[in-house]
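What follows is one structure encoded as structure tokens, with my remarks underneath.
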2 protein chains.
Amino acid sequence: MIINDNLKMYVQKLRSSNLRPTKQRLKICKFLFDRKKTFHFTVEALNKKINKNKTTKVSLATIYNTVEAFTNAGYLKEILTSKNKSYYDTNIKSHHHFYDEGNKELTDIHYSQIKLSKVPVPPKGKKIKNLEVVIRIQK
Amino acid sequence: MIINDNLKMYVQKLRSSNLRPTKQRLKICKFLFDRKKTFHFTVEALNKKINKNKTTKVSLATIYNTVEAFTNAGYLKEILTSKNKSYYDTNIKSHHHFYDEGNKELTDIHYSQIKLSKVPVPPKGKKIKNLEVVIRIQK
DNA sequence: TTTCTAGTTTAGAATTATTATAAACTAGCT
DNA sequence: AGCTAGTTTATAATAATTCTAAACTAGAAA
Ligand SMILES: [Mn+2]
Ligand SMILES: [Mn+2]
Ligand SMILES: [Zn+2]
Ligand SMILES: [Zn+2]
């Protein structure tokens with residue numbers, strides 16, 4: 001996988017989603033996507049990292065707005081697994097997770113690592129939006 | 001399955017978990033467990049039902065305390081699937097769920113209705129606490 | 001029975017995560 | 001350069017939950 005350290009790519013990406021490439025969004029893009037590996041984060045953690053010893057701070061409201069916009073645009077995936085706090089994933093491919101109840105961390109499980117040989121039919125008029133397994137683990 | 005409409009059973013049950021059989025706890029037990037079918041609920045919903053046109057109200061703090069105590073005692077199971085709100089289940093057997101993103105309701109999937117033919121090994125030093133699948137559905 | 005005390009309930013305050021508000025700012029078209 | 005819709009920001013509001021501390025009570029002991 002290629003590391004994107006050029007802003008032009010993000011500018012295009014944002015424009016293609018009708019999101020103006022503001023300096024705040026580009027800074028967040030750079031932080032989230034300029035890396036070899038995908039990762040999981042909470043808004044709280046992202047806010048800390050983005051504003052860690054930086055002179056120009058991005059407001060918490062913007063962090064929330066941007067995470068929501070990126071999720072709607074399909075750049076991020078929301079993982080609902082924890083009590084009272086949303087997690088986000090820069091890995092947008094369909095995949096499963098371990099959720100460690102001790103340190104409250106998510107770990108990816110590749111889609112092929114879980115095989116569902118029997119899955120129920122959804123109720124009438126409803127369709128399956130998502131079938132991703134969360135395996136809760138602890139010491 | 002037998003409907004428990006006698007309080008003595010709940011008194012024993014509570015005592016066996018080192019929970020004093022107070023009138024609040026017994027009222028909540030009666031509401032939660034005196035029925036043919038298990039069900040899912042939020043604390044907000046339980047609070048409304050318990051206090052619906054009743055003269056003696058149970059405080060919201062007690063509803064929270066009791067739900068937590070019952071969960072710790074194993075009378076209830078917590079289902080973490082929704083953003084910002086916990087769900088509880090009077091079905092304490094291991095089983096799976098549909099979660100309808102439209103009306104935010106849970107529906108049981110019997111344990112035998114999902115077969116996992118391949119499951120990954122948890123990380124070193126960690127063990128699987130729970131492997132229950134939530135299938136998100138929508139119209 | 002009455003007394004005692006740890007456990008429980010309660011109203012209200014506090015906390016945490018998140019969303020809403022509205023004024024100031026800015027990307028980017030004209 | 002001027003305009004304007006989109007964006008950022010500080011701050012307030014909201015929602016779910018947890019905390020606090022005073023009042024109450026179950027039930028053991030006297
Ligand atoms: Mn919340
Ligand atoms: Mn909360
Ligand atoms: Zn992931
Ligand atoms: Zn259930």
Side-chain angles (χ1 to χ4, degrees), chain A residues 7-8 10-31 40-51 54-73 75-76 78-88 104, chain B residues 7-8 10-31 40-51 54-73 75-76 78-88 104:
Chain A
L7 288 184
K8 281 185 182 167
Y10 298 133
V11 171
Q12 287 187 333
K13 184 173 177 162
L14 289 166
R15 285 235 174 81
S16 76
S17 309
N18 284 308
L19 295 173
R20 286 190 184 169
T22 62
K23 64 179 188 305
Q24 291 87 345
R25 285 176 177 160
L26 288 169
K27 185 188 280 190
I28 294 170
C29 269
K30 213 163 138 36
F31 178 79
H40 309 98
F41 64 91
T42 61
V43 170
E44 188 194 10
L46 179 62
N47 184 48
K48 276 183 189 152
K49 296 276 193 169
I50 288 289
N51 290 311
K54 293 276 174 16
T55 44
T56 51
K57 305 247 171 189
V58 178
S59 78
L60 180 60
T62 295
I63 304 277
Y64 270 103
N65 289 341
T66 303
V67 166
E68 192 189 20
F70 285 9
T71 303
N72 292 336
Y75 307 166
L76 292 173
E78 193 177 7
I79 313 283
L80 300 174
T81 188
S82 169
K83 194 169 182 159
N84 298 332
K85 203 178 235 177
S86 286
Y87 281 70
Y88 294 87
K104 297 175 188 314
Chain B
L7 289 185
K8 281 186 183 165
Y10 298 133
V11 171
Q12 287 187 333
K13 184 174 176 159
L14 289 165
R15 284 236 176 80
S16 76
S17 310
N18 284 307
L19 295 172
R20 287 189 184 169
T22 63
K23 64 179 190 303
Q24 291 88 346
R25 285 177 178 159
L26 288 170
K27 184 188 280 189
I28 295 171
C29 269
K30 213 162 139 34
F31 178 79
H40 308 100
F41 64 91
T42 61
V43 170
E44 188 194 10
L46 178 62
N47 184 49
K48 277 184 188 151
K49 296 276 193 168
I50 289 287
N51 290 311
K54 294 275 175 16
T55 44
T56 51
K57 305 247 170 188
V58 178
S59 77
L60 180 59
T62 295
I63 304 276
Y64 270 103
N65 289 342
T66 303
V67 166
E68 193 189 19
F70 285 9
T71 303
N72 292 337
Y75 308 165
L76 292 173
E78 193 176 8
I79 314 282
L80 299 174
T81 187
S82 170
K83 194 167 180 159
N84 299 332
K85 203 178 236 179
S86 286
Y87 281 70
Y88 295 86
K104 295 174 188 317

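So you know, we letter chains A, B, ... as the sequences are listed, proteins then strands, and number each from 1.
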From CA spacing to verdict: side chain to side chain contact (heavy atoms under 4.5 Å, CB included), Ser17(A), Phe70(A): CA-CA 9 Å; Ser17(A) 309; Phe70(A) 285 9; over 6 Å; no
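- Rounded to an integer number of Å, the gap from Asn47(B) CG to dT9(C) P is 14 Å.
- Between the CZ atom of Arg25(B) and the P atom of dG27(D) there is a distance of 10 Å, rounded to whole Å.
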Pairs under 3.5 angstrom only: tabulate donor-acceptor contacts from the side chains of residues 19-27 of chain B to other protein residues two or more places apart or in another chain.
residue	atom	partner	partner atom	Å
Thr22(B)	OG1	Arg25(B)	N	3.2
Arg25(B)	NH1	Arg20(B)	O	3.0
Lys27(B)	NZ	Thr56(B)	O	2.9

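- A straight line from NZ of Lys83(A) to C1' of dA16(D) spans 10 Å, rounded to a whole angstrom.
- The distance from atom CD of Glu78(B) to atom C1' of dT18(D) is 14 Å, rounded to the nearest whole Å.
- Considering only residues two or more places apart in sequence or on other chains, Asn65(B) meets the side-chain contact (heavy atoms from CB on, under 4.5 Å) condition with none of them.
- Contact of the Ser82(B) side chain with the Leu80(A) side chain is not registered, since no non-hydrogen atoms from C-beta on lie closer than 4.5 Å.
- For Phe41(B), the ring pair (Phe, Tyr, Trp, His ring centres under 6.0 Å) partners are Phe39(B), Tyr88(B), not counting sequence neighbours.
- Using a 4.0 Å cutoff on non-hydrogen atoms, the parts of residues 60-71 of chain A near DNA chain D are Ala61(A), Thr62(A), Asn65(A), ordered by number.
- Counting to the nearest Å, the P atom of dT16(C) and the NZ atom of Lys48(A) are 11 Å from each other.
- For the OP1/OP2 pair of dT25(D) and a distance below 4.0 Å, the side-chain nitrogens and oxygens of Gln24(B) include no atom meeting the criterion.
- One atom, CG of Leu14(B), and another, C1' of dT25(D), lie 15 Å apart when rounded to the nearest Å.
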Pair Tyr10(B)-Leu7(B), side chain to side chain contact (heavy atoms under 4.5 Å, CB included): steps then yes or no: CA-CA 5 Å; Tyr10(B) 298 133; Leu7(B) 289 185; 4.0 Å; yes
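- Under the rule for a salt bridge (Lys or Arg N to Asp or Glu O under 4.0 Å), Lys49(A) has no partner lying at least two apart in sequence or in another chain.
- Between Lys104(B) and Lys85(B), the closest side-chain pair of non-hydrogen atoms is not below 4.5 Å.
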Summary of protein contacts for nucleotides 24-30 of chain C, nucleotide by nucleotide, where a base hit scores B, a sugar-phosphate-only hit scores S (4.0 Å, heavy atoms): ---BS--
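- Contacts of Ser86(B) with the nucleic acid, taken as non-hydrogen atoms under 4.0 Å apart, involve only primed sugar atoms and P, OP1 or OP2.
- dA17(C) atom C1' lies 14 Å from atom NZ of Lys104(A), rounded to whole Å.
- Within the 4.5 Å cutoff, the side chain of Leu46(A) has no heavy atoms near those of the Tyr64(A) side chain.
- At whole-Å resolution of the value, OH in Tyr88(A) and C1' in dT18(C) are 9 Å apart.
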